[in-house]
Amino acid sequence: MKKLLLTMSLLPSLCFADTVDQMADKIESKVIQWRHHLHQNPELSNREVKTAKYIAEHLESLGLEVQTEVAVTGVVAILDSGKPGPVVALRADIDGLPVLEKNDLPWKSVARGEYNGKDVPVMHACGHDTHIAMLMGAAEILVAMKDELNGKVKFIFQPAEEGAPAGEEGGAELMVKEGVLKNPDVDAIFGLHISALADVGTVLYREGGVMAAVDPFKIVIKGKQAHGAYPWLSVDPITTAAQMIMSIQTIVSREIRLLDDAAVVTFGAVNGGIRSNIIPEEVELVGTIRTLNKAARDHMYEAMPRKVKGIANSMRAEATLTLPLDYSYPITFNDHDLMATMLPTLINTAGKENAIYSKPVTGAEDFSFFQNEVPGVYLWVGGKPLDVDPKDAPAHHTPDFYVDDDGMKLGVRLLTNMTIDYMQKHQK
């Protein structure tokens with residue numbers, strides 16, 4: 001009896017899914033056209049002026065209430081069904097990267113922009129162009145299905161996911177600060193990221209930590225300068241730095257429960273000294289910490305000052321730790337209950353064999369700022385052509401990055417079906 005009731009409870013959603021499939025097929029060519037235009041015309045973080053205008057014009061053509069210049073260049077639109085129900089937010093990031101595209105495509109980017117005061121090439125080297133196009137497509141379908149909805153949908157096109165320019169605020173953090181999840185208050189938020197390594201037609205999911213928190217840091221070590229021939233007259237910040245680099249790695253290898261609380265510490269820069277025969281007065285270390293749950297992150301915040309202070313004292317040096325350095329992203333954390341609720345939607349949309357439970361990744365995403373405020377689910381959607389071996393697929397943030405247009409239809413369907421199913425299950 002329970003099995004029968006469960007099957008019957010899925011009938012409305014499955015019926016709507018058929019409609020969504022038909023509409024996704026119908027607008028697929030438009031989604032591809034949007035993606036190609038966006039790919040040819042990328043803009044850097046907090047500079048997505050033309051991109052925002054392109055998005056806003058589409059949303060306005062659907063009859064939506066549109067707000068622009070949110071968190072500098074963001075676009076937000078609200079679809080009100082006119083009936084009581086939850087508020088579902090859907091998010092796409094819209095910025096490109098300072099990367100020179102090498103792909104030989106009719107719609108390749110030749111755009112230029114300014115980054116850190118320099119003229120640079122610009123490319124959608126992480127797939128944000130597909131994210132925009134997929135959410136534009138989901139918006140078109142949901143507007144057409146307005147009479148079937150219960151509640152409101154908030155479409156969030158977010159700038160500066162790759163990080164705001166130096167001295168500026170931006171991204172999801174600024175959007176949250178400006179109240180994008182309020183008025184109306186969002187009950188749940190969904191987002192997705194195209195993957196150049198996962199097959200077209202697949203969706204990757206997991207509950208809990210899906211992408212890492214990112215916490216950059218800087219350590220400044222001050223010693224006493226001396227001639228390289230007389231090291232006993234110095235307090236050597238270079239040997240202090242060397243010990244610090246090696247010892248800090250033992251926080252992960254000897255203090256973190258790696259089976260449960262994975263963490264990564266990477267030193268990305270070591271700066272100090274000018275000559276072979278001078279022991280300098282100061283050395284600067286810069287790096288990043290990645291953690292996948294709160295316990296590991298809290299431990300790193302406790303252990304880093306302890307290690308830095310202890311090693312500096314043992315070497316007669318002084319050291320200052322800045323953690324976080326200039327920005328900090330929380331863990332991209334998929335709410336357990338919400339993920340369990342939406343899993344049938346993923347399976348119904350992609351097919352059981354194509355809904356793949358995935359491992360977490362130590363990359364970071366500022367979608368996490370939204371998830372800090374409301375329950376959210378963040379998914380990976382396959383964009384790798386089926387005839388490409390994963391080991392040959394170009395990585396994200398590279399000049400050769402490429403994802404297939406065919407991957408976007410599943411993303412459109414997922415965003416749409418998750419919205420409808422959530423509304424069906426949370427009618428007020």
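Predicted model, so just to flag it, every value in this text is computed and none were measured. Both backbone and side-chain heavy atoms feed into the values below; hydrogens, waters and symmetry mates do not.
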Rounded to the nearest 0.5 Å, what's the gap from [atom1] on [X] to [atom2] on [Y]? Could you check?
X	Y	atom1	atom2	value
Ile55	Leu38	CD1	CG	6.5 Å
Met408	Ile27	CE	CD1	10.5 Å
Met300	Ile289	CE	CD1	4.5 Å
Ile256	Asp261	CD1	CG	6.5 Å
Lys108	Lys102	NZ	NZ	10.5 Å

Exercise: identify the closest heavy-atom pair between [X] and [Y]:
X	Y	result
Gly96	Glu162	O-CG, 4.2 Å
Tyr329	Ala364	CD2-CB, 4.0 Å
Ala56	Val66	CB-CG1, 4.2 Å
Leu292	Val361	CD2-O, 3.7 Å
Met339	Leu379	CE-CD2, 4.4 Å
Cys126	Ile194	O-CG2, 4.0 Å

- Message: My understanding is that only one of Leu181, Asp335, Leu338 makes a side-chain contact (heavy atoms from CB on, under 4.5 Å) with Val374; could you say which?
- Response: Leu181
A side-chain contact here means heavy atoms from C-beta on lying under 4.5 Å apart; do [X] and [Y] qualify?
X	Y	answer
Lys177	Phe369	no
Val99	Phe401	no
Pro237	Glu282	no
Val203	Thr349	no
Leu346	Leu414	yes
Met244	Ile219	yes
Asn417	Asn348	no
Glu114	Pro165	no

- Query: Strictly under 6.0 Å, is that where the ring centroids of Phe267 and Phe217 end up?
  - Reply: yes
- Task: Decide if the gap between the ring center of His39 and the ring center of His36 is smaller than 6.0 angstrom.
- Result: no
Can a donor-acceptor pair be found, under 3.5 Å and without considering hydrogens, that links the side chain of [X] to the backbone of [Y]?
X	Y	value
Ser109	Ala111	yes
Arg206	Ser358	yes
Asp404	Pro385	no
Thr362	Ala212	no
Asn150	Met423	no

- Task: Verify the distance criterion only: is there a donor paired with an acceptor across the side chains of Asn41 and Tyr54 at less than 3.5 Å?
- Result: no
- Task: State, without any angle test, whether Tyr327 and Glu169 hold a side-chain donor-acceptor pair at a distance under 3.5 Å.
- Result: no
- Item | Heavy-atom neighbours of Tyr402 OH exceed 12 at 6.0 Å | yes
- Message: For the CD atom on Glu168, are there more than 12 heavy atoms of other groups (residues, nucleotides or ligands in this structure) within a distance under 6.0 Å?
- Response: yes
- Flag the pair Glu255 and Arg306 as a salt bridge only when some basic side-chain nitrogen lies within less than 4.0 angstrom of an acidic carboxylate oxygen. yes
- Query: What residue among His193, His128, Gln158 forms side-chain hydrogen bond (donor to acceptor under 3.5 Å, both in side chains) with Asp93?
  - Reply: His128
- Message: Applying side-chain contact (heavy atoms from CB on, under 4.5 Å) to Asp406 and Leu386, what does each step give before you reach the verdict?
- Response: CA-CA 10 Å; Asp406 289 344; Leu386 298 179; over 6 Å; no
- Starting from the C-alpha separation in whole Å, work towards a yes-or-no answer on salt bridge (charged side-chain N to carboxylate O under 4.0 Å, His left out) for Lys53 and Glu57. CA-CA 6 Å; Lys53 184 175 184 291; Glu57 287 176 350; 2.5 Å; yes
- Query: Got a sec, which pairs hit side-chain hydrogen bond (donor to acceptor under 3.5 Å, both in side chains) with one end in residues 367-383, sequence neighbours left out?
  - Reply: Asn334-Gln371, Glu365-Tyr378
Can you give me every donor-acceptor pair (side chain of residues 246-253, partner residue at least two apart or in another chain, under 3.5 Å) with its distance?
| from | atom 1 | to | atom 2 | distance (Å) |
| --- | --- | --- | --- | --- |
| Ser247 | OG | Lys307 | NZ | 3.2 |
| Gln249 | NE2 | Val265 | O | 3.2 |
| Thr250 | OG1 | Ser247 | O | 2.4 |
| Thr250 | OG1 | Lys307 | NZ | 3.1 |

- Message: Strictly by ring-ring contact (aromatic ring centres under 6.0 Å, His included), give each pair with a member in residues 135-158 just once, sequence neighbours left out.
- Response: none
- Between Leu44 and Val120, does a side-chain contact (heavy atoms from CB on, under 4.5 Å) hold up when you go through it step by step? CA-CA 10 Å; Leu44 295 172; Val120 295; 4.0 Å; yes
Could you give the side-chain donor-acceptor pairs of residues 71-89 under 3.5 Å, partners two or more places apart or in another chain?
| from | atom 1 | to | atom 2 | distance (Å) |
| --- | --- | --- | --- | --- |
| Thr73 | OG1 | Glu48 | OE1 | 2.5 |
| Asp80 | OD1 | Gly82 | N | 2.8 |
| Ser81 | OG | Lys83 | N | 3.1 |
| Ser81 | OG | Lys83 | O | 3.3 |
| Ser81 | OG | Gly151 | N | 2.9 |
| Ser81 | OG | Gly151 | O | 2.8 |
| Lys83 | NZ | Asp147 | O | 3.2 |
| Lys83 | NZ | Leu149 | O | 2.9 |

- Item | salt bridge (Lys or Arg N to Asp or Glu O under 4.0 Å) contacts touching residues 185-202 (sequence neighbours left out) | Asp187-Lys428, Asp199-Lys384
- Query: What pairs of residues pass the salt bridge (Lys or Arg N to Asp or Glu O under 4.0 Å) test when at least one of them lies in residues 19-45, not counting sequence neighbours?
  - Reply: Asp21-Arg413, Asp25-Lys409, Glu28-Lys409, Lys30-Glu140, Arg35-Asp129, Arg35-Asp405
- Mind checking whether Phe333 and His336 have parallel, tilted or perpendicular rings, split at 30° and 60°? tilted
